[in-house]
Amino acid sequence: MNPTVSIQIVTYNSAKDIEECLNAVRQQTYPIQEIIVIDNASTDGTVERVRAYVEQTHANNIHLVANATNTGFAPAHNQGIRMTQSNYVLVLNPDVQLGTEYVERLVGVMEQRPEVGSATGLLILKSSPDVVDSTGIVMNGIWRAFDRGAGEPASRWRASGEVFGVSGAAAMYRRKMIEELSMDGEFFDADFFAYKEDVDVAWRANLLGWKAYYCAEAIATHERGWKKGSRHTQPLFIRRYSYINRYKMIYKNLSGARWMKHLPKLLAYELASNGYMLLREPKVLGAWKDFFDKLPELQKKRREIQRRRLME
């Protein structure tokens with residue numbers, strides 16, 4: 001019997017993308033047990049479009065959950081995870097279109113390698129199909145995370161292999177790893193709301209000995225619409241979450257003394273980046289209030305993460 005796979009998509013004003021996304025999901029060569037669409041209070045008709053799509057296609061394995069408020073990307077995906085019992089969960093952005101073999105390729109790799117808890121394929125830009133969007137996540141010595149290969153020719157990334165983590169845009173997670181990493185019923189840290197929740201999961205998975213894998217033969221396209229335009233055009237709440245969530249995951253996951261060798265570079269970067277924020281985007285620094293408000297919870301999570309790590 002084949003391992004079961006569920007796919008979950010969190011939407012927020014995603015009306016223009018969701019049908020194309022669902023079409024690609026339904027064209028997978030691997031059987032999909034359940035497709036869950038969790039809408040976070042869209043105002044552009046996303047919910048109505050999904051309902052109409054289900055009715056027109058008679059897709060009885062698509063289940064729509066319409067949240068009354070925008071709970072955030074991380075909490076909504078936790079909500080979806082709790083709704084399923086599949087062996088694998090594919091977390092998918094609505095502006096991603098999967099190649100027909102995407103799920104089959106990833107499940108094949110993960111079944112052959114039980115140490116792999118998460119996997120991704122080659123994500124390319126929809127606007128430039130020969131350009132990489134992501135081949136996984138990398139983290140540098142001062143704990144800044146990047147999409148590996150972003151902006152580079154896709155032809156350079158034909159070799160599959162292990163990576164630090166996988167982008168939450170089209171990430172396959174093993175249920176066993178989800179259960180092992182979850183704390184108080186949360187796989188993604190709900191305090192993150194959105195942004196860097198996939199990096200936090202990757203870091204925690206590494207601490208507990210799980211591997212992440214990039215499969216070059218699994219291909220998907222990503223519109224990556226939110227990155228268009230200047231940083232200053234992004235809403236303040238996005239910039240705040242993107243900024244402070246890095247510090248939250250460092251606080252929770254960093255341990256040992258090896259990080260001290262990176263201290264000079266870290267201090268130089270923090271002085272420069274926070275100096276810039278102070279001068280150009282001072283309102284972003286208001287995110288520190290959320291950090292300190294959540295500090296007791298962060299401390300609890302840090303203790304639990306370190307306890308589990310020492311048990312490995």
- request: Would you kindly say whether Asn67 and Gln79 are connected by a side-chain donor-acceptor distance under 3.5 Å?
  value: yes

message: So, taking the atom named CD1 in Ile38 and the one named OG1 in Thr71, what distance separates them when rounded to the nearest 0.5 Å?
response: 7.5 Å

- prompt: If you measure from the Lys or Arg side-chain nitrogens to the Asp or Glu carboxylate oxygens, is any gap between Glu162 and Arg113 under 4.0 Å?
  reply: yes

- prompt: Between Arg144 and Tyr269, do the side chains contain an N or O donor and an N or O acceptor separated by less than 3.5 Å?
  reply: yes

- prompt: Do Arg302 and Leu298 come within less than 4.5 Å of each other through their side chains, counting heavy atoms only?
  reply: no

message: Aromatic contact between Tyr241 and Phe193, with the criterion being ring centroids under 6.0 Å apart: yes or no?
response: yes

- prompt: Are the side chains of Tyr53 and Ile62 in touch, meaning some heavy atoms are under 4.5 Å apart?
  reply: yes

task: Measure from the ring center of Tyr173 to the ring center of Phe187 and say whether it is less than 6.0 Å.
output: yes

query: Are Lys300 and Asp184 ion-paired here, with the side-chain N under 4.0 Å from a carboxylate O?
result: yes

query: Is it the case that Arg174 places NZ or CZ above or below the six-membered ring of Tyr88, under 6.0 angstrom from the centre and within 45 degrees of the axis?
result: no

message: Assess, by modelled atom type and distance only, whether the side chains of Glu34 and Thr84 contain a donor and an acceptor separated by less than 3.5 Å.
response: no

message: If you define the side chain from C-beta out and look only at heavy atoms, does anything of Leu181 sit under 4.5 Å from Val201?
response: yes

message: I want to check something: taking the side chain as every heavy atom from C-beta on, are Val54 and Leu64 in contact at a cut-off of under 4.5 Å?
response: no

- request: Could you tell me the separation between the CG atom of Leu90 and the CD atom of Gln8, rounded to the nearest 0.5 Å?
  value: 8.5 Å

query: Quick one: do Asp44 and Arg49 make a salt bridge, cutoff under 4.0 Å?
result: no

Glu223 bridged to Lys16 by N-O distance under 4.0 Å: yes

Straight-line distance of Leu122 CG to Cys215 SG, nearest 0.5 Å: 9.5 Å

field: Basic-acidic side-chain contact under 4.0 Å: Glu270, Arg246
entry: yes

query: Where does the angle between the aromatic ring planes of Trp143 and Trp203 fall among parallel (under 30°), tilted (30 to 60°) and perpendicular (over 60°)?
result: parallel

message: I'd like to know if the side chain of Asp17 pairs up with that of Ser14 as donor and acceptor (distance under 3.5 Å, no hydrogens or angles considered).
response: no

query: Are Ile124 and Val131 close enough that some pair of their side-chain heavy atoms sits under 4.5 Å apart?
result: no

task: Decide yes or no for Ile137 and Phe146: does some side-chain heavy atom of the first lie under 4.5 Å from some side-chain heavy atom of the second?
output: no

query: Is the shortest side-chain N to carboxylate O distance from Asp191 to Lys248 below 4.0 Å?
result: no

message: I'd like to know if the side chain of Glu115 pairs up with that of Trp210 as donor and acceptor (distance under 3.5 Å, no hydrogens or angles considered).
response: no

- prompt: Does Lys294 NZ have over 12 foreign heavy atoms under 6.0 Å away?
  reply: yes

- request: Would you mind checking if Asp200 and Lys252 are paired as a salt bridge, meaning a charged N to carboxylate O distance below 4.0 Å?
  value: yes

Non-hydrogen side-chain atoms of Phe291 and Tyr251 separated by less than 4.5 Å: yes

message: Quick one, Met83 and Val65 - any side-chain contact, counting heavy atoms below 4.5 Å?
response: yes

Step-by-step side-chain hydrogen bond (donor to acceptor under 3.5 Å, both in side chains) determination, Ser6 to Gln33: CA-CA 6 Å; Ser6 61; Gln33 183 182 63; 5.9 Å; no

query: Looking at Glu304 and Arg307, does any basic side-chain N land under 4.0 Å from a carboxylate oxygen?
result: yes

